[in-house]
Amino acid sequence: MAGTHDPAPGPTPRLTHAFFERPVLEVAPDLLGALVSHRGVTIRLTEVEAYDGRNDPGSHAYRGLTPRTGVMFGPPGGLYVYLSYGMHWCANLVCGSEGTASAVLMRAGEVVGGIEVARERRGGVVDRDLARGPARLGQALGLSREQNGLDVTAPDGPFEVLAAPYPAPAPVRSGPRVGVSGAGGDGLQYPWRFWLDGDPTVSAYRGAKPRRARGQR
DNA sequence: TTGACGATTAGCT
DNA sequence: GCTAATCGTCAAC
């Protein structure tokens with residue numbers, strides 16, 4: 001296939017505790033182009049979303065500390081994995097100082113390593129769709145509840161996050177988040193989604209779901 | 001204990 | 001474009 005993005009010429013360093021300890025709005029755009037690697041698959045991030053714990057109605061941590069959100073309140077560099085809609089595993093990287101409960105959702109990326117493993121996990125979809133969308137990305141990486149709470153800055157940890165091997169080839173853009181109730185519906189706007197402009201693996205924008213009440217009709 | 005909902009995706013009209 | 005699938009989490013009773 002056309003190699004629009006050649007692999008890094010050499011190894012890149014694993015991102016550190018200090019990297020993730022900064023404010024989430026600084027960390028999120030810096031994660032674009034970074035490489036995440038787990039169980040034989042490496043993905044270059046092309047789209048992320050920031051969530052600001054307590055101040056953010058769209059965040060799982062908005063209502064405070066619960067058994068599920070405990071990882072978000074922990075130290076930066078933690079991996080917060082949650083189940084969406086009862087069937088999809090999605091992953092966040094905890095940011096900011098401990099207790100802030102802010103995190104960056106990894107929304108989409110391009111598989112740059114272990115593509116055959118990713119194809120097997122994703123069931124033969126076209127390569128562009130291997131990690132286009134948060135749940136697809138999680139599936140391509142082979143994530144599940146077991147990875148919740150991992151420290152991605154641990155030198156020998158199973159989940160790696162490596163610095164971008166080269167400057168982003170496309171400009172970083174930002175805009176409203178996807179599918180978050182409250183981000184638009186009630187007038188609140190958070191331009192906290194970041195992506196690489198024009199990248200084919202970036203998911204299509206959709207506003208918050210206007211679902212009508214179920215069990216009614 | 002119960003009921004409602006969700007940071008989604010796939011499939012059908 | 002619209003809806004079902006599917007189950008963990010959380011708030012309320």
Side-chain angles (χ1 to χ4, degrees), chain A residues 24-25 27-29 31-32 36 43 45-74 78-96 100-109 111 118-149 174-186 188-195 200-217:
Chain A
V24 64
L25 287 181
V27 174
L31 281 171
L32 293 174
V36 296
I43 291 175
L45 295 179
T46 59
E47 182 182 3
V48 299
E49 242 171 39
Y51 287 85
D52 183 19
R54 303 172 306 175
N55 312 315
D56 183 351
S59 170
H60 286 173
Y62 181 60
R63 297 178 185 279
L65 178 63
T66 67
R68 176 174 66 147
T69 60
V71 173
M72 292 183 77
F73 288 83
L79 186 68
Y80 168 51
V81 180
Y82 72 94
L83 186 64
S84 176
Y85 288 84
M87 60 190 104
H88 303 300
W89 293 105
C90 304
N92 302 250
L93 295 167
V94 178
C95 300
T100 306
S102 59
V104 175
L105 170 68
M106 297 182 279
R107 285 200 59 86
V111 176
R119 284 174 183 148
E120 191 171 337
R121 289 181 183 147
R122 292 280 297 117
V125 300
V126 298
D127 287 351
R128 189 189 72 157
D129 288 346
L130 285 175
R132 188 171 69 141
R136 293 162 166 176
L137 184 147
Q139 187 179 12
L141 288 174
L143 294 177
S144 71
R145 164 182 299 284
E146 298 169 30
Q147 281 72 43
N148 188 41
S174 64
R177 290 183 300 201
V178 178
V180 179
S181 302
D186 59 2
L188 294 174
Q189 284 288 341
Y190 296 91
W192 287 352
R193 171 177 171 246
F194 301 89
W195 68 93
T201 62
V202 171
S203 61
Y205 173 72
R206 261 185 310 171
K209 58 185 96 44
R211 338 158 49 90
R212 78 168 77 89
R214 292 182 304 178
Q216 182 171 276
R217 170 194 318 242

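From a predicted model like this one, the values you see are computed outputs, not experimental measurements. Reckoned from all heavy atoms, side chains included, excluding hydrogens, waters and symmetry mates. Just so it is clear: chains get the letters A, B, ... in the order the sequence lines come, proteins before strands, and each one is counted from 1.
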dT3(C) and dC5(B), which share atom name P, separated by this distance in whole Å:
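dC5(B) and dT3(C) have their P atoms separated by 16 Å.
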
Could you give the [atom1]-to-[atom2] distance, from [X] to [N], as a whole number of Å?
| X | N | atom1 | atom2 | result |
| --- | --- | --- | --- | --- |
| Asp56(A) | dG6(B) | CG | P | 15 Å |
| Arg128(A) | dT9(B) | CZ | C1' | 15 Å |
| Leu130(A) | dA10(B) | CG | P | 11 Å |
| Leu83(A) | dG8(C) | CG | C1' | 6 Å |
| Met87(A) | dG11(B) | CE | C1' | 13 Å |
| Leu65(A) | dT9(C) | CG | C1' | 14 Å |
| Asp129(A) | dT8(B) | CG | P | 16 Å |
| Trp89(A) | dG6(B) | CH2 | C1' | 14 Å |

What pairs with [X] under side-chain contact (heavy atoms from CB on, under 4.5 Å), at least two apart in sequence or on another chain?
| X | answer |
| --- | --- |
| Ala101(A) | Ala61(A), Met72(A), Phe73(A) |
| Val81(A) | Leu79(A), Trp89(A), Ala91(A), Gln147(A), Asn148(A) |
| Leu25(A) | Ala50(A), Trp192(A), Phe194(A) |

Atom pairs under 3.5 Å: protein N/O with N/O of nucleotides 10-13 of chain C:
residue	atom	partner	partner atom	Å
dC10(C)	OP1	Thr66(A)	OG1	2.1

Of the nucleotides dA10(B), dA7(B), dT9(B), which one has an atom closest to the side chain of His88(A)?
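Selected nucleotide: dT9(B).
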
Using side-chain hydrogen bond (donor to acceptor under 3.5 Å, both in side chains) as the criterion, list what pairs up with [X], not counting sequence neighbours.
| X | value |
| --- | --- |
| Thr66(A) | Thr69(A) |
| Arg122(A) | Gln139(A) |
| Thr46(A) | Thr201(A) |
| Ser84(A) | none |

Base-pair map of DNA chain B as dot-bracket, where | denotes pairing with a different strand and pairs are Watson-Crick or G-U under 3.5 Å:
||||||.|||||.

Which part of the nucleic acid, if any, lies within reach of Leu105(A) when heavy atoms closer than 4.0 Å are counted: base, sugar-phosphate only, or nothing?
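Base, at least one base atom sits under 4.0 Å.
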
Is it the case that dA5(C) (base atoms only) and Tyr85(A) (side chain only) share a donor and an acceptor within less than 3.5 Å, ignoring hydrogens and angles?
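Under the 3.5 Å cut-off, the side chain and the base do not form any donor-acceptor pair.
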
With a 4.0 Å limit, can you tell me whether Arg193(A) has a side-chain N or O closer than that to the phosphate oxygens OP1/OP2 of dA7(B)?
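So the side-chain polar atoms of Arg193(A) never come under 4.0 Å of the phosphate oxygens OP1 or OP2 of dA7(B).
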
What is the minimum heavy-atom distance between Leu137(A) and Arg107(A), and which atoms define it?
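Closest approach of Leu137(A) to Arg107(A), heavy atoms only: CD1-C, 4.3 Å.
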
Give the minimum heavy-atom separation between Leu105(A) and Cys90(A), together with the two atoms involved.
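Looks like CD1-CB, 4.1 Å.
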
Derivation of the side-chain contact (heavy atoms from CB on, under 4.5 Å) call for Val36(A) and Leu45(A):
CA-CA 7 Å; Val36(A) 296; Leu45(A) 295 179; 4.1 Å; yes

Mind listing the residues from residues 138-146 of chain A sitting with a heavy atom below 4.0 Å of DNA chain C? Number order is fine.
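Nucleic-acid contacts, sorted: Arg145(A).
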
Report the residues that fulfil ring-ring contact (aromatic ring centres under 6.0 Å, His included) with Tyr82(A), sequence neighbours left out, ordered by chain and then residue number.
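Only His60(A), Tyr80(A) meet the ring-ring contact (aromatic ring centres under 6.0 Å, His included) criterion with Tyr82(A).
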
Can you tell me how far the CG atom of Leu141(A) sits from the CG atom of Leu130(A), to the nearest 0.5 Å?
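Between atom CG of Leu141(A) and atom CG of Leu130(A) there are 11.0 Å.
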
